[in-house]
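Worksheet: one structure, shown below.
Because only heavy atoms are used, hydrogens play no part in the values below, and waters and symmetry mates are left out as well, while side chains stay in. In what follows, chains are A, B, ... by sequence order, proteins preceding strands, each numbered from 1.
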Amino acid sequence: MSLEVREFIKPFVSVSEDLYYFSKQAKKNGEMVAGFMCTYSPQELFHAAGYFPVRIIGKDGGTPLADQWLQPYACSFAKSVLNMGLSGDYPFLDLMVFSHTCDTMQNLADVWRRRVNGPPVIIVSTPNLSAGDLSLTYLKRELTRVKEEVEKISGNKIADDKLLNSINLYNKHRDNMKLLYDMRRKSPTLITGTEMFAIVLSSFVMKKEEHNKLLEELIQQLEKMAPENIAKPKILVGGSVCQAQGFIQTIESSGALVCDDDLCMGSRAYVIPSVPEGDPIEMLAQMYLLRIPCPAIHKPGYDPAGPYIDKIKAGNIDGVIFLQTKFCDPYGFNYPYLRKRLEQEGIPSLLLEVEQNQPVAESFHTRVEAFIETLSAK
Amino acid sequence: MSEYFVIGLDIGSATAKAVLIDNEGKKIASSIRPTAGRLLQSAETVKREVMEQAKVNEELVKAIITTGYGRDIIPDKTKSITEITCHARGAHETEPTIRFVIDIGGQDSKTILLDIDGQVNRFEMNDKCAAGTGRFLEVMARTLGIHLDEMGEMAVKSDKTSRISSTCTVFAESEVISLLAQGEEIPAIVSGLCRAVSERVQGLAARVGVVPPIMMTGGVAKNKGVVNWLSKILKHELIVPEEPQIIGALGAAIMGLELINKNNDSIQKITQSK
Amino acid sequence: MSKRVPIRATAQMKQLMGFYYMMAKTAENDPEQKIAWITSGGPVEILHAAGVIPIYPENVAAMSGTMKIADEICAVAEDNGFSRDLCSYARTDIGSVLSGKGPLMGTPSPKPDFLVCCNNICGTVTKWYEELQRIYNVPLIYIDAPFQYGIKDRPEAIDYIESQLKQMIEQVGEITGKPIAWDKFIETLELSDRAVKLWREIQDLLQHKPAPMNSFDTFIHLAPIVTLRGTQGCIEYYETLKAEMLERIEQGIGTLEHEEYRLGWDNLAIWYKIKFLADRFSQHNAALVVSTYTRNFCYQTEDRDISKPLRAMAGDYMAGYINHGLDFREKELYQMVQNFSLDGLVMHSNRSCRAYSFGQYELAQTMEEKYGVPVLIIEADQNDTRMWSDEQVGNRIDAFMERVAAKKK
C-alpha cells in the first residue's frame with residue numbers, strides 16, 4: 001500500500017493506544033459521555049440526548065476486584081469490564097448503559113448497579129425474542145421508557161427531529177463501514193485485517209461525525225487502488241466478543257490475511273438495517289429487531305451459519321478461525337452446528353478458546369500456525 | 001556418500017530431538033536429550049550429536065528445520081514448522097497408510113487426522129492440563145515410589161485395574177494415596193492410571209473423529225500399558241514406530257528435503273528468528 | 001446423627017411419576033398423542049389443556065445426575081463439540097439424544113412433536129432448545145419473559161407475556177389439529193393454581209421447629225409441581241404430602257432427631273451428592289429447611305386478578321425468583337431468614353448455571369454485612385461430578401458450622 005494511503009489509516013490505528021482519549025477530551029470540554037456494552041444499545045437515543053456514546057471495552061490484566069463479585073466461570077470480558085468499573089477506570093462516564101442479552105451480561109448489569117461507584121445505570125430490557133409484532137410492541141414501549149429515563153438523567157428533551165437526525169447519522173456510519181467491508185471482500189489486500197480491526201475499534205470510541213469523515217476520506221483513497229493478487233490463505237474470524245487486537249495480529253503474522261469477520265466487535269456492530277422514515281421510536285424498535293441477531297437472541301427461522309456461508313462465498317475464504325471466549329454460552333452452543341455446516345461446505349475451521357484479558361498465548365500461536373500450514377498445503 | 005543432508009530439530013519443553021537424513025530421505029542418525037530448561041543448548045547438543053553419529057560436517061547440512069516449543073528461537077534454522085504438521089509428516093513417512101496420529105508427550109498431547117495423502121486435516125491439542133500427558137504418569141510414578149519406565153510392564157502384567165475417577169492430576173494423586181491406604185496393589189493402580197490417561201486422550205481423539213490406521217507417537221508410546229488401554233478404548237490396534245519420540249523431528253527433516261527439492265539452490269539458512 | 005423417619009408419601013410420588021413416564025413412553029408410538037418438550041418454567045397448563053404430554057429435559061437430566069450416569073452422557077455431547085463449560089443439564093440432554101442413552105429404562109426421552117421454551121429461568125434454554133430444534137426439526141414455541149431488575153414487575157412485560165400466551169394457545173391448537181377449549185384451559189389453570197398454593201403451604205410448614213422434612217426432601221418432592229402442574233394427580237399428591245407433614249408436626253417428628261441449627265439453600269440441588277450433604281449437615285444437627293430453588297415454583301404475582309386468567313398466568317410466569325435481579329433476591333433471602341428462623345445460608349455456586357449463580361458473591365456479602373447472616377458458598381455443579389471433592393466440601397461445611405455454632409452461643 002502506498003505511503004499516502006497509510007496516512008489515512010494512521011488516525012484509526014493511533015486510537016488503539018488510548019481508547020478513551022476522545023471520551024476524556026469530551027469530558028474536559030464539558031460534554032456528556034454515555035458508555036454502552038453492546039450493539040443492542042440504542043446509541044442513537046443517547047446521541048440525541050446530547051451524549052457522546054462510547055463502547056465499553058475491558059483491558060488486559062488480572063481482575064482482582066471483579067473476582068470478589070463474579071465467579072471464576074464468568075467470561076473474561078465481563079470480569080475485565082467490571083474490574084475497570086470498580087477501579088474507576090471510566091471516570092469520564094455520565095451514564096452507563098447495559099442491554100439484556102446473555103445471562104452473564106444480565107448479572108453483570110445488576111452487580112455493577114449495586115457495587116460500582118459511578119454514574120447512573122440504565123438497563124435496556126431488550127426482548128430476547130426477535131420476531132413479529134409482539135416483540136416489536138414490547139420493544140417500542142421499553143424504548144419509550146428508556147427515552148424518558150434518559151431525558152430525566154440528562155436533563156435534555158429528545159425531540160423527534162433530533163432523534164431522526166441521530167438515526168440518519170448512525171445509518172450513514174453503518175453504510176460506510178459496510179462499504180469498507182464489501183471493498184475488502186472484493187479486494188482483501190486494500191488494508192490488512194489488523195488495520196481493519198483498528199478501524200472497527202476506533203469506530204466505537206470516536207464520535208460518529210469524526211469517524212465518518214475519516215472513513216469517507218479513506219474509502220476515496222482505496223477506490224483508487226488496483227486489486228492485488230495474494231498467495232496467503234484468506235481467513236474469516238468468527239466468535240463472540242473480541243476486544244483484543246492481539247488475536248488478529250497473531251493470525252496475520254502467521255502468514256494469513258484476515259479478510260472478514262463475524263465478530264460482535266466487528267461486522268456485527270454494523271448489521272442494523274435502515275428502515276423507512278416514520279416515528280423514530282418505532283424506527284429504532286424495527287431496526288433493532290430486524291437486524292441479524294446476536295446468538296443470545298432467538299430469531300425464529302434464522303440460520304446462524306447463514307452469514308458465515310455468505311461471507312465465505314463473497315470473499316473466497318479459505319478457512320474459518322473461531323475465537324471462542326471461554327465461558328461464552330451463546331457462542332458455545334452455536335459452535336457444533338457451525339462447524340458441521342462448514343464441514344458440509346468443505347471449509348476447514350479451527351476452534352480457539354481464548355481469554356479476553358490475557359496476551360495471546362503460545363498455544364494460540366502454535367494452533368494458528370498449524371492451521372495455516374494445512375491451508376497452505378492445499 | 002550423499003551430496004547433502006538435512007536436519008530436523010524438535011525442541012520440546014521436556015526433551016530435544018534431532019534427526020539427520022540424507023538427500024534421499026533416509027534416516028542416518030537420531031538423538032534425544034532432556035531439555036532441562038535450556039532450549040538453545042539442548043538444541044545445539046542434539047544437533048551436534050547427529051552430525052557426529054553420521055560423520056557429517058556443518059557445510060554438508062543444507063537445511064535445518066525446527067519444530068516444537070522452541071522452534072522460533074534456534075538461530076541457524078532454515079524454517080520453523082509447527083509440531084502438528086511435522087508429526088503428521090513424520091508419521092506418513094514412517095507408514096504411508098496412517099490416517100490418525102496420537103502424540104502423547106511429556107507436557108502435552110495431540111490428536112491429528114490426516115487426509116489420504118498424509119496432509120493434516122484436523123487436529124486437537126491439550127497443552128493446558130497435565131492429565132492425559134506424560135506428566136500425569138511422572139507424578140504418579142513418584143507418588144507410588146516406582147520408576148516411570150516400569151509402569152508399562154507392570155500395567156500389562158496386572159490382571160486387576162483400579163478405578164481412578166479423578167480427571168485432575170492433583171485430585172488423582174490424593175486418590176492414588178487413598179487407594180494405597182486401602183490396600184490396592186500397585187500394579188492394579190498403575191493399570192488404572194494407564195486407563196485414565198487413555199480415557200483423557202480418547203476424548204481429545206473423539207473431538208477430531210478417529211479414522212484408522214492409527215499411529216501413536218511421543219514418549220508415552222513406549223508405555224505398553226497405555227498403548228494397550230488406548231487401543232482397547234478406541235477399539236483399534238495402534239501402530240507404534242520403533243522410535244516414537246523422533247517422529248516430529250523426522251517429519252521436520254523430510255519437509256526440509258521437500259523444501260530443497262522445490263527451491264533447488266535458493267535455500268538459505270536464516271540467521272535471525274522469524 | 002439423626003434417625004430418620006421415612007416420608008410415606010414418597011412411595012405415592014414414585015408411583016405418580018412412574019405412571020407419567022410410562023404414559024410418555026407409550027405415547028411415542030401413538031401418532032394421535034402429541035408430545036412436547038418444555039422448560040421447567042414453561043406455561044405447561046396450555047399443554048395439559050390441549051391433551052399434550054409434556055416432557056421435561058431438565059427433569060430427565062436431573063435424574064441422570066441422581067443416578068450418576070450424567071458424566072458419561074455429557075461426554076458424548078462434549079465429543080460432538082459442546083464445551084464442558086456449558087450447562088451440564090443441556091450437555092446431559094443433548095448427549096442423551098445423541099447417544100440414545102438415558103435414565104428412563106436406559107433410553108432417552110420420547111421424541112417431541114414440538115418444543116416449548118420459556119426463558120424465565122435462564123437464557124441458556126434458548127440455545128439448548130435451538131439445538132433441539134435443529135436435531136428434531138419440529139416447531140419451537142418461544143415465550144420471552146423479560147428479566148426484571150426491580151422488585152415490582154413492569155406492566156409492559158406482563159402484557160408482552162400475555163400476548164405471547166394467547167398466541168401459544170393458537171399455535172398449540174394448530175399443531176394438534178384441535179383448538180383448545182377455553183373452559184378446559186380455565187379448568188387447568190385452576191388445578192395448577194391449587195397445586196401451586198399447596199406446594200407453597202407445604203414449604204411454609206417447614207417454618208415449624210422442628211421442621212417435619214428438609215430441603216433435600218423437597219428437592220425430591222419437587223418433581224410433580226414441575227412436571228404435572230395442572231393435573232388432578234398433582235393436587236392429590238400434595239394434599240397427601242401436606243397431611244403427612246401436619247401429622248408429623250403434631251407428633252413432633254422432625255427431620256433431625258435434634259435440630260439445633262436451621263439453614264437455607266440457594267440454587268439448584270447437587271443431584272449426585274444429596275445424601276452426602278444431608279448427612280454432613282445432620283452431623284452438625286443442622287437442617288436445611290427452605291430453598292429458593294423449590295420456592296421458584298410457587299411464586300404468584302401479588303396483584304393477581306383471577307377474572308383475567310391469561311393475565312394472571314402471565315404475571316405468575318414472570319414472578320419466579322430467578323427471573324429477578326439482586327434487589328428482589330436480597331429481599332427474598334432476608335424474608336426467608338426471618339420467616340424460617342435461619343441461622344445461616346448455604347449457596348451452591350453452580351458452575352452450570354450462570355443465571356442463578358452470578359450475583360451470589362454479592363448477595364453473600366450483602367447478607368453478611370447488612371443482616372449479619374453467615375453464608376457458606378459451595379463451589380460445585382448440579383450434575384457434573386467432575387467438579388466435586390468430598391474432602392474439600394466436607395471441610396468447608398464443618399468450618400462453616402463451627403462459625404454458625406459460635407455465633408449462636
Side-chain angles (χ1 to χ4, degrees), chain A residues 67-75 78 100-111 113-115 123 125-135 137-142 144-145 295-298 300 302 304 324 326-340 351 353, chain C residues 77 80-83 85-87 90 94 117 119 122-124 126-131 133-134 139-149 154-157 159-161 163-164 166-167 324-327 329-330 349-363 365-366 377 379:
Chain A
D67 291 345
Q68 205 190 342
W69 305 110
L70 282 179
Q71 280 90 331
Y73 45 92
C75 82
H100 186 272
T101 49
C102 66
D103 292 339
T104 301
M105 279 302 129
Q106 167 186 297
N107 290 310
L108 170 65
D110 224 0
V111 171
R113 194 175 53 87
R114 280 163 67 103
R115 292 288 174 169
I123 305 174
S125 177
T126 324
N128 277 72
L129 174 63
S130 183
D133 293 328
L134 302 185
S135 336
T137 306
Y138 173 69
L139 184 55
K140 261 168 41 192
R141 292 175 74 176
E142 173 62 10
T144 307
R145 180 194 73 83
I297 307 289
H298 178 66
Y302 170 71
Q324 180 67 26
K326 195 161 166 69
F327 303 124
C328 175
D329 289 345
Y331 259 94
F333 273 100
N334 273 3
Y335 168 69
Y337 169 66
L338 288 175
R339 178 183 79 175
K340 202 163 70 179
L351 173 73
E353 203 176 63
Chain C
N80 277 276
F82 290 93
S83 160
D85 297 325
L86 299 173
C87 165
I94 293 171
C117 176
N119 64 356
C122 66
T124 297
T126 308
K127 307 307 297 176
W128 177 358
Y129 277 65
E130 281 178 353
E131 182 64 22
Q133 187 182 33
R134 282 192 283 261
L140 166 58
I141 297 177
Y142 189 85
I143 306 290
D144 186 10
F147 187 82
Q148 300 297 291
Y149 291 90
R154 295 210 177 112
E156 56 265 29
D159 288 344
Y160 179 34
I161 299 178
S163 62
Q164 291 176 81
K166 195 145 151 251
Q167 193 178 73
H324 288 81
L326 298 176
D327 291 350
R329 296 185 195 190
E330 179 191 330
S349 170
N350 180 0
R351 205 173 192 278
S352 269
C353 191
R354 298 181 225 294
Y356 216 143
S357 305
F358 289 166
Q360 278 178 327
Y361 287 9
E362 203 279 338
L363 285 171
Q365 189 122 340
T366 302
I377 297 182
E379 304 276 356

Item to check | chain C contact via A:Glu142 - which portion, at a heavy-atom distance below 4.5 Å | outcome: side chain
Item to check | Heavy-atom proximity to chain A below 4.5 Å, by part of C:Ala77 | outcome: neither
Checklist entry - Under a 4.5 Å heavy-atom cut-off, does chain A meet the side chain of C:Glu362, its backbone, both or neither? => result both
Checklist outcome for this item: Whatever's closer than 4.5 Å to a heavy atom in chain A on C:Leu140 counts as side chain
Item to check | Segment of A:Leu129 engaging chain C (4.5 angstrom heavy-atom cut-off) | outcome: both
Checklist entry - Rounded to the nearest 0.5 Å, how far apart are NE2 of A:His298 and CD of C:Gln133? => result 6.5 Å
Checklist entry - Does the gap between the ring centers of A:Tyr73 and C:Phe358 come in under 6.0 Å? => result yes
Item to check | Geometric class of the C:Phe147/A:His100 ring pair [parallel <30°, tilted 30-60°, perpendicular >60°] | outcome: parallel
Next on the checklist: Given C:Asp144, which partner from the list A:Ser130, A:Pro127, A:Ser135 fulfils the side-chain contact (heavy atoms from CB on, under 4.5 Å) test?
Outcome noted: A:Pro127
Item to check | Spacing of A:Phe333 atom CZ and C:Thr124 atom OG1 [to the nearest 0.5 Å] | outcome: 5.5 Å
Checklist entry - How far apart are the C-alpha atoms of C:Gln365 and A:Gln68, what are their side-chain angles, what is the distance that settles it, and do they pass the side-chain contact (heavy atoms from CB on, under 4.5 Å) test? => result CA-CA 10 Å; C:Gln365 189 122 340; A:Gln68 205 190 342; 3.6 Å; yes
Checklist entry - How many angstroms lie between CG in C:Leu363 and CZ in A:Arg114, if you round to the nearest 0.5 Å? => result 6.0 Å
Item to check | Under 4.5 Å from any heavy atom of chain C - which part of A:Pro304 | outcome: side chain
Next on the checklist: Once rounded to the nearest 0.5 Å, what's the spacing between atom NZ of A:Lys140 and atom CD of C:Glu156?
Outcome noted: 13.5 Å
Checklist entry - Checking A:Thr137 against chain C: side chain, backbone, both or neither under 4.5 Å from a heavy atom? => result neither
Next on the checklist: Distance check, rounded to the nearest 0.5 Å: A:Asp103 atom CG versus C:Cys122 atom SG?
Outcome noted: 5.5 Å
Next on the checklist: For the backbone of A:Gly332 and the side chain of C:Lys127, can you confirm whether one donor and one acceptor N or O come within less than 3.5 Å of each other?
Outcome noted: no
Item to check | Side-chain donor or acceptor of C:Asn119 paired with backbone N/O of A:Asn128 under 3.5 Å | outcome: no
Item to check | Contacting moiety of A:Leu108, where chain C heavy atoms sit under 4.5 Å | outcome: neither
